[in-house]
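Atom set for the values below is all heavy atoms of this structure, side chains included, hydrogens, waters and symmetry mates excluded. One-based numbering along the sequence shown.
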Amino acid sequence: MSELPKSLEEAIAQSRTATQAALADGHTRLQVEFVFPELKYMLVAEDFLPAFAEYDSRLKVFFADAGAAALARREWADAKFKIVDVGTGRATAADSKIQPEDEIFLFVAPSSVEVSQMEKLCQEIGDRPVVLLNPRLEDFGVVGIGYAARQVRQRFIGNIESCYYLRPVDDQTAVFRCYPGQWQVWVEKGDEYQIIAELPQKPSGDELDLILMKGQAQTTTDATPAKKPSVFKSLQRFLKALSS
């Protein structure tokens with residue numbers, strides 16, 4: 001069982017291992033989420049990229065827009081993989097962003113604005129693996145809440161496997177998932193953190209509130225104590241450094 005990470009560096013290392021395990025099991029649509037608004041995605045992406053070291057030039061990395069892609073090409077001038085932007089969807093077959101030699105694809109911090117074009121790209125990618133790093137795809141103000149939005153979620157967003165997820169709810173609570181493990185809710189109790197729930201699916205806001213109110217395991221397993229990690233203080237320190 002994966003433990004709650006003690007630092008952002010440890011969390012990114014866990015996410016690389018979880019991604020590789022999910023790919024080895026045949027999953028082809030994956031996402032990795034560190035739910036901290038202050039994170040600078042370029043620095044996280046740089047530490048995450050070793051997960052794809054074996055692919056070399058067969059990896060293609062997508063950024064949301066041309067500016068972000070240009071910045072990445074400057075920052076990673078020695079990279080062997082290709083760096084492109086998601087684009088507008090107006091490309092013809094002759095200048096498609098998806099090539100036969102591309103074997104795996106990483107989308108860095110895509111937002112709901114890019115959902116439509118990402119779906120088209122993924123259709124072209126076919127059964128080759130795609131990994132989304134810190135996606136923000138479900139902004140209802142952009143995607144919408146009507147029938148069309150529900151279709152997008154059912155067709156595309158709903159078929160993405162979350163292989164790593166870390167979200168501090170507050171200074172004492174975290175929602176955590178590290179593939180192939182289940183979704184976990186960790187709560188500080190005295191001098192240790194405990195798993196108070198393990199679930200097969202990501203808990204909704206209402207489910208999480210109910211779990212925290214009950215303060216007890218929602219499965220047949222007993223609450224699992226662990227040595228108290230300094231995850232929240234460490235992450236706050238890392239986030240402060242990354243934001244400066």
Quick one: do Phe105 and Arg128 satisfy side chain to side chain contact (heavy atoms under 4.5 Å, CB included)? Show the steps, please.
CA-CA 8 Å; Phe105 305 82; Arg128 287 172 283 182; 4.0 Å; yes
Assess the residue pair Ser116 and Glu119 against the criterion (side chain to side chain contact (heavy atoms under 4.5 Å, CB included)); give the C-alpha distance rounded to whole Å, side-chain angles, the decisive distance to 0.1 Å, and a yes or no.
CA-CA 5 Å; Ser116 177; Glu119 185 180 14; 5.6 Å; no
Side chain to side chain contact (heavy atoms under 4.5 Å, CB included) for Val130 and Leu30? Distances and angles first, verdict last.
CA-CA 6 Å; Val130 172; Leu30 299 170; over 6 Å; no
When you look at Phe34 and Tyr165, which way does the side chain to side chain contact (heavy atoms under 4.5 Å, CB included) test go after all the steps?
CA-CA 6 Å; Phe34 305 95; Tyr165 184 93; over 6 Å; no
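Atom CD of Glu101 has more than 12 heavy atoms from other residues, nucleotides or ligands within 6.0 Å.
Proximity of Ile104 to Arg58: side-chain heavy atoms (C-beta onward) are nowhere separated by under 4.5 Å. With contacts defined as side-chain heavy-atom distances shorter than 4.5 Å, the pair Thr173/Ile196 does not qualify. Two residues are said to be in side-chain contact when any heavy atoms from C-beta on lie closer than 4.5 Å; Pro5 and Leu166 meet this criterion. When side chains are defined from C-beta on, Leu208 does not count as touching Leu210, because their heavy atoms never get closer than 4.5 Å. At a threshold of 4.5 Å between non-hydrogen side-chain atoms, the residues Val185 and Leu212 count as touching.
A distance-only check finds a donor-acceptor pair linking the side chain of Lys82 to the backbone of Ser57 [under 3.5 Å]. Using modelled atom types, one side-chain atom of Thr19 and one backbone atom of Ser15 make a donor-acceptor pair closer than 3.5 Å. Side-chain atoms of Arg136 never come within 3.5 Å of backbone atoms of Ala109 as a donor-acceptor pair (strictly under, hydrogens ignored). The backbone N or O of Gln172 sits less than 3.5 Å from a side-chain atom of Asp170, completing a donor-acceptor pair.
With respect to Asp102 and Lys97, no salt bridge is recorded, no charged nitrogen being found less than 4.0 Å from a carboxylate O. Residues Arg16 and Asp47 are not paired through a salt bridge, judged by the lack of any N-O separation under 4.0 Å between the basic side chain and the carboxylate. A salt bridge is absent between Arg177 and Glu198; no separation between the charged side-chain nitrogens and carboxylate oxygens falls under 4.0 Å.
Atom-to-atom distance recorded for Ile125:CD1 and Thr28:OG1 is 10.0 Å, nearest 0.5 angstrom. For the atom pair CD of Glu75 and CD of Glu46, the computed distance is 7.5 Å after rounding to the nearest 0.5 Å. A distance of 4.5 Å separates CZ in Phe107 from CZ in Phe62, rounded to the nearest 0.5 Å. The distance from the CZ atom of Arg167 to the CZ atom of Phe36 is 10.5 Å, given to the nearest 0.5 Å. A distance of 15.0 Å separates CG in Leu43 from CZ in Phe48, rounded to the nearest 0.5 Å. Between atom CD1 of residue Ile195 and atom CD of residue Gln182 there is a gap of 10.0 Å, rounded to the nearest 0.5 Å.
In this model, no donor atom of one side chain and acceptor atom of the other lie less than 3.5 Å apart for Gln14 and Thr17. Side-chain polar atoms of Tyr164 and Glu33 form no donor-acceptor pair below 3.5 angstrom. Using modelled atom types, one finds a donor on one side chain and an acceptor on the other under 3.5 Å when comparing Glu124 with Ser96.
A perpendicular orientation is assigned to the rings of His27 and Tyr179, their planes being inclined by more than 60° (bins at 30° and 60°). Under the 30°/60° scheme for interplanar angles, the aromatic rings of Tyr41 and Phe63 are found to be tilted.
Here the closest heavy-atom approach between residue Val86 and residue Gln117 is recorded as CG1-CG, 3.3 Å. Leu23 approaches Pro129 most closely through the heavy-atom pair CD2-CB, 3.6 Å. Nearest approach of Leu133 to Pro110, heavy atoms of both residues: O-CD, 3.9 Å.
In this structure, Leu71 is not a member of the same hydrophobic cluster as Ile83, with clusters built from ILVMFWY side-chain heavy atoms closer than 4.5 Å.
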